[in-house]
Structures are given as structure tokens and as C-alpha cells.
Amino acid sequence: MQHNSFRENVLAVVRNIPKGETLSYKEVAEVAGNPLAARAVGSIMRTNWDPDIPCHRVIRSDGKLGGYNRGVEKKRQRLRQEKAI
DNA sequence: GAGCTGACATGTT
DNA sequence: CAACATGCCAGCT
């Protein structure tokens with residue numbers, strides 16, 4: 001199975017995150033198949049500009065939001081709308 | 001084709 | 001308490 005890259009896997013996982021729920025970069029990396037690739041997940045999300053992939057639902061394990069392509073403020077607002085952080 | 005950087009995490013110094 | 005070092009993947013120079 002070499003068709004599915006780690007990138008595609010991560011994107012699929014994030015896309016499957018239900019509304020009102022948040023996953024940490026590490027959790028996503030774990031489900032994607034690499035518990036040590038939390039950093040890679042961030043890189044992938046950064047270059048991913050897809051409305052089908054709610055990257056704003058991916059936050060840090062520390063409980064902080066982390067970053068966002070369109071601005072951390074936007075990420076915070078979106079989470080506020082969905083899960084009222 | 002090789003090296004550096006980056007939306008992270010964890011352990012050690 | 002903070003800074004440094006290591007591990008992973010993708011993208012850019």
C-alpha cells in the first residue's frame with residue numbers, strides 16, 4: 001500500500017473530525033499511523049487549504065490552539081461557534 | 001538532488 | 001521555571 005501517503009491519511013482523519021470535537025496534532029498523527037509525527041501533521045495542515053478539512057479542529061496537546069492559515073483569531077472564533085471553547 | 005524550516009510532543013539538562 | 005535536543009513528514013530554496 002504505497003498509494004496512501006501519510007499526508008492523505010492525515011487529511012482523511014481531520015476530515016472525519018465531528019463538529020464540536022477537537023483532536024490534538026499528536027492524536028491525529030497517532031490515528032494516521034505515526035504517533036511521533038505530530039510535527040509533520042502541522043506541516044501538512046499548513047499547506048492544506050481545503051474547506052472539507054476542518055484543520056481548525058486540530059489543536060495542541062497543551063490545550064492551546066496552535067496556528068492557523070487564516071489567522072489564529074479565526075480559529076478561535078470557529079471553535080467558539082462549534083464547541084464554545 | 002540535498003538541506004533547512006515549520007501550525008508539535010516529550011524528555012533531559 | 002526555561003532552553004535544548006530528538007523524532008517525523010512535507011514543502012521550499
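Here is the naming used below: chain letters follow the sequence lines, and residue numbers restart at 1 for every chain.
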**Audit row: L79(A), I59(A), side-chain contact (heavy atoms from CB on, under 4.5 Å) steps and yes/no** = CA-CA 10 Å; L79(A) 287 174; I59(A) 60 175; 4.1 Å; yes

**Message:** Pair R78(A), Y68(A) - check side-chain contact (heavy atoms from CB on, under 4.5 Å), show working.
**Reply:** CA-CA 11 Å; R78(A) 229 169 264 274; Y68(A) 196 51; 4.3 Å; yes

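- Between R7(A) atom CZ and dA7(B) atom P the separation is 18 Å, expressed in whole Å.
- A straight line from CD of E30(A) to P of dC9(C) spans 15 Å, rounded to a whole angstrom.
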Would you mind writing out the side-chain donor-acceptor pairs for residues 45-55 of chain A within the sub-3.5 Å range, not counting sequence neighbours?
{"unit_1": "T47(A)", "atom_1": "OG1", "unit_2": "S43(A)", "atom_2": "O", "d": "3.3"}
{"unit_1": "T47(A)", "atom_1": "OG1", "unit_2": "I44(A)", "atom_2": "O", "d": "3.0"}
{"unit_1": "D50(A)", "atom_1": "OD1", "unit_2": "D52(A)", "atom_2": "N", "d": "3.0"}

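- Nucleotides dC4(C) and dT5(B) have their P atoms positioned 15 Å apart, rounded to a whole Å.
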**Request:** Could you please spell out the steps behind the side-chain contact (heavy atoms from CB on, under 4.5 Å) verdict for E27(A) and V58(A)?
**Result:** CA-CA 9 Å; E27(A) 292 287 297; V58(A) 184; over 6 Å; no

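- Residue M45(A) contributes atom CE, which lies 15 Å from atom C1' of dC8(C) at whole-angstrom precision.
- Within the structure, every pair that satisfies the salt bridge (charged side-chain N to carboxylate O under 4.0 Å, His left out) test and touches residues 56-72 of chain A, not counting sequence neighbours, is listed here: R57(A)-E82(A), R60(A)-D62(A).
- Atom CD1 in I44(A) sits about 14 Å away from atom P in dC8(C), given to the nearest Å.
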**Asked** What string of B, S and - do you get for nucleotides 8-13 of chain B, 5' to 3', if B is base contact, S is sugar-phosphate-only contact and - is no contact with any protein heavy atom under 4.0 Å?
**Response** BSS---

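- In this structure, the side chain of K75(A) engages the main chain of L65(A) through a donor-acceptor pair within 3.5 Å.
- Checking the phosphate oxygens (OP1, OP2) of dG7(C), no side-chain nitrogen or oxygen of N34(A) falls inside 4.0 Å.
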